[in-house]
J.: 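Mind looking over this structure? Questions follow.
Throughout, residue positions are numbered sequentially from 1 according to the sequence presented.
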Amino acid sequence: VRTTSVDPIGEFIDSDKALDVASQHGLTAQDSIGMGLTLMGKATAMPQMSWSITVMKDSIFTWSIDAKNGSLIHKGETKY
């Protein structure tokens with residue numbers, strides 16, 4: 001079982017564009033931002049690629065941005 005992929009993943013928006021989209025939907029932090037590019041379902045007929053953005057303050061705030069077209073997939077807040 002391969003745990004990583006060496007296949008090309010295609011075109012996607014840059015991280016700064018993903019941050020711009022999250023800012024349009026409430027992201028205000030300028031530091032301590034965690035983000036990563038996630039590819040799910042590569043072996044399926046409908047793979048999806050997204051930027052995951054996380055900020056930890058008094059709550060954990062998350063944004064999922066479609067990496068192909070830059071649209072907001074999900075915005076969430078988890079209180080701890």
J.: Roughly how far apart are Leu72 CG and Ser64 OG, rounded to 0.5 Å?
T.: 8.0 Å

J.: Which pair of heavy atoms, one from Ser50 and one from Met40, lies closest together, and at what distance?
T.: OG-CE, 4.3 Å

J.: Given Trp63, which of His74, His25, Met35 fulfils the side-chain contact (heavy atoms from CB on, under 4.5 Å) condition?
T.: His25

J.: Start with the C-alpha gap between Trp51 and Ile13, add the side-chain angles, then the distance that decides, and say whether side chain to side chain contact (heavy atoms under 4.5 Å, CB included) holds.
T.: CA-CA 9 Å; Trp51 282 103; Ile13 64 170; 3.7 Å; yes

J.: Flag the pair Ile65 / Lys75 as yes when at least one side-chain heavy-atom distance between them is below 4.5 Å, and no otherwise.
T.: no

J.: List the atom of Ile73, the atom of Gln48, and the distance in Å for their closest heavy-atom pair.
T.: CD1-NE2, 3.2 Å

J.: Looking at every non-hydrogen atom in both residues, tell me the closest pair between Val55 and Ala29 and how far apart they are.
T.: CG1-CB, 3.8 Å

J.: Distance-only, no hydrogens or angles: does the Asp14 side chain make a donor-acceptor pair with backbone N or O of Asp16 under 3.5 Å?
T.: no

J.: Starting at CG of Asp66, measure out to CE of Met49 and round the result to the nearest 0.5 Å.
T.: 8.5 Å

J.: Could you grab the distance from atom OG1 of Thr28 to atom CD1 of Ile33, nearest 0.5 Å is fine?
T.: 8.5 Å

J.: Could you tell me the separation between the CE atom of Met56 and the OG atom of Ser32, rounded to the nearest 0.5 Å?
T.: 10.0 Å

J.: Kindly compute the distance separating CG (Leu37) from CG (Leu39), expressed to the nearest 0.5 Å.
T.: 7.5 Å

J.: Around Lys17, counting heavy atoms of other residues, nucleotides and ligands shown, do more than 12 lie under 6.0 Å from its NZ?
T.: no

J.: Please report the shortest heavy-atom distance between Thr38 and Ser52, naming the atom on each side.
T.: OG1-OG, 3.8 Å

J.: Looking only at heavy atoms, which two atoms of Glu77 and Ser59 are closest? And how far apart?
T.: OE2-OG, 3.0 Å

J.: So, taking the atom named CD1 in Ile53 and the one named CG in Leu19, what distance separates them when rounded to the nearest 0.5 Å?
T.: 5.0 Å

